[in-house]
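Scroll down for the structure; my scribbles are underneath it.
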Number of protein chains: 2
Amino acid sequence: MSDDPERSDSRKSSIARELRRGSLELIVLHVLAAGEAYGYEIVTKLTRETDGALEVTDGTLYPLLYRLERAAFVVVRWDTPARGVPRKYYQLTDAGRMELDTLTADWFTFAAAMARLLGKAGSDDSHD
Amino acid sequence: MSDDPERSDSRKSSIARELRRGSLELIVLHVLAAGEAYGYEIVTKLTRETDGALEVTDGTLYPLLYRLERAAFVVVRWDTPARGVPRKYYQLTDAGRMELDTLTADWFTFAAAMARLLGKAGSDDSHD
DNA sequence: CAAGATATCTTGCATGACAAGCTATACGAC
DNA sequence: GTCGTATAGCTTGTCATGCAAGATATCTTG
């Protein structure tokens with residue numbers, strides 16, 4: 001497709017990259033909460049559904065999925081059809097759902113603190 | 001005992017730590033936008049004003065301030081009074097103010113994307 | 001003097017995002 | 001056949017940066 005290395009922002013402004021830290025786990029767990037998915041699917045899904053704002057590369061995702069598996073937040077199911085490339089489906093466990101809740105709460109706490117500091121109440125967009 | 005080893009995590013919940021990534025620069029620039037400040041002051045100010053939610057340690061702050069200085073986002077002024085420990089005051093430059101604007105916009109973009117993702121009800125899973 | 005608060009700076013480690021590279025299967029075009 | 005592309009997964013190495021821990025120095029108080 002548009003493999004356009006000339007894009008002025010081909011390299012995320014570096015802030016976006018760092019912002020993703022600590023939120024990616026939450027993001028992926030949230031995607032999985034909607035139903036099982038395989039890695040490649042999560043990558044394309046996130047890129048598309050968030051307009052690239054929360055994009056994740058496979059080089060980032062697979063290690064993350066492995067960490068989630070090791071932490072027992074997800075379980076893995078291989079789907080090896082007669083034809084087609086085998087897919088590794090990830091499914092949330094109860095522990096994963098609890099982790100998702102915790103992380104979601106943490107996120108809202110953090111986002112609220114940021115909103116308070118930056119002086120906006122989010123809902124009201126009165127820009128001064 | 002005020003010493004509470006059972007506190008699920010002796011260190012910052014690791015997620016909180018990572019969430020600070022990429023937002024700390026914004027936070028500090030924002031504090032400096034309110035007027036010049038010295039390092040130790042920023043540490044105590046942030047801890048107090050955000051109820052610890054956006055706390056930063058001096059071991060984190062000083063290297064950050066140095067990066068900001070090297071990037072010309074701040075200028076430094078030493079205050080060496082006849083009595084009292086010398087203080088290094090940091091002041092925002094025009095470039096720093098522009099960076100603050102950029103980072104603030106980036107933050108709101110990111111926060112909005114997160115809100116959109118997390119706000120989507122799980123019940124509605126009719127994807128394309 | 002000793003101890004503590006104030007104030008700055010440095011070293012070393014751990015984490016994790018990401019680019020770049022790799023493997024393998026399926027399928028259409030040649 | 002085999003080449004190119006899409007799908008699908010995995011691995012290695014690099015870089016940035018948060019933070020603990022420690023060093024240094026000054027001032028104040030007992």
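Letters A, B, ... mirror the listed sequences (proteins, then strands); counts begin at 1.
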Using a heavy-atom cut-off of under 4.0 Å over every strand shown, decide if [X] touches base, sugar-phosphate, or nothing.
{"X": "A/Arg21", "value": "base"}
{"X": "B/Leu64", "value": "nothing"}
{"X": "B/Gly84", "value": "sugar-phosphate"}
{"X": "A/Tyr38", "value": "sugar-phosphate"}

Hey, which of these two, A/Pro63 or B/Pro86, hits DNA chain D nearer its 5' end, going by closest nucleotide? A/Pro63
To the side chain of B/Leu24, which of C/dC9, C/dA7, D/dC19 is closest?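 Shortest atom-to-atom distance from the side chain points to D/dC19.
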Indicate whether OP1 or OP2 belonging to [N] is found under 4.0 Å from a side-chain N or O atom of [X].
{"X": "B/Tyr40", "N": "C/dT6", "result": "yes"}
{"X": "A/Arg67", "N": "C/dA17", "result": "yes"}
{"X": "B/Tyr62", "N": "C/dT8", "result": "yes"}
{"X": "B/Thr60", "N": "D/dC19", "result": "yes"}
{"X": "B/Arg17", "N": "D/dG18", "result": "no"}

Closer to the 5' end of DNA chain C via nearest nucleotide, is it A/Gly22 or B/Gly39? B/Gly39
Nearest-nucleotide comparison on DNA chain C, the residue closer to the 5′ end among A/Val85 and B/Glu18: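 Between the two, 5'-proximity favours B/Glu18.
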Nearest whole angstrom, please: distance from the [atom2] of [N] to the [atom1] of [X].
{"X": "B/Lys45", "N": "C/dA7", "atom1": "NZ", "atom2": "C1'", "answer": "17 Å"}
{"X": "B/Leu26", "N": "D/dT17", "atom1": "CG", "atom2": "P", "answer": "14 Å"}
{"X": "B/Leu61", "N": "D/dA20", "atom1": "CG", "atom2": "P", "answer": "13 Å"}
{"X": "B/Glu25", "N": "D/dT17", "atom1": "CD", "atom2": "P", "answer": "8 Å"}
{"X": "B/Asp58", "N": "D/dA23", "atom1": "CG", "atom2": "P", "answer": "15 Å"}
{"X": "B/Ile15", "N": "D/dC19", "atom1": "CD1", "atom2": "P", "answer": "13 Å"}
{"X": "A/Ile27", "N": "C/dG16", "atom1": "CD1", "atom2": "C1'", "answer": "14 Å"}
{"X": "B/Trp78", "N": "D/dA25", "atom1": "CH2", "atom2": "P", "answer": "13 Å"}

Do you know which two heavy atoms are closest between [X] and [Y], and how far apart they sit?
{"X": "A/Glu41", "Y": "A/Glu36", "value": "OE1-O, 4.5 Å"}
{"X": "B/Val56", "Y": "B/Val43", "value": "O-CG1, 3.4 Å"}
{"X": "A/Gly22", "Y": "B/Ile15", "value": "O-CD1, 2.6 Å"}

Is there a side-chain contact between B/Leu26 and A/Met114, using heavy atoms and a 4.5 Å cut-off? yes
B/Asp51, CG: over 12 other non-hydrogen atoms inside 6.0 angstrom: no
Which of these, A/Leu92, A/Leu29, A/Thr93, sits in a side chain to side chain contact (heavy atoms under 4.5 Å, CB included) with A/Glu99?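 That would be A/Leu29; it is the only one of A/Leu92, A/Leu29, A/Thr93 passing the side chain to side chain contact (heavy atoms under 4.5 Å, CB included) with A/Glu99.
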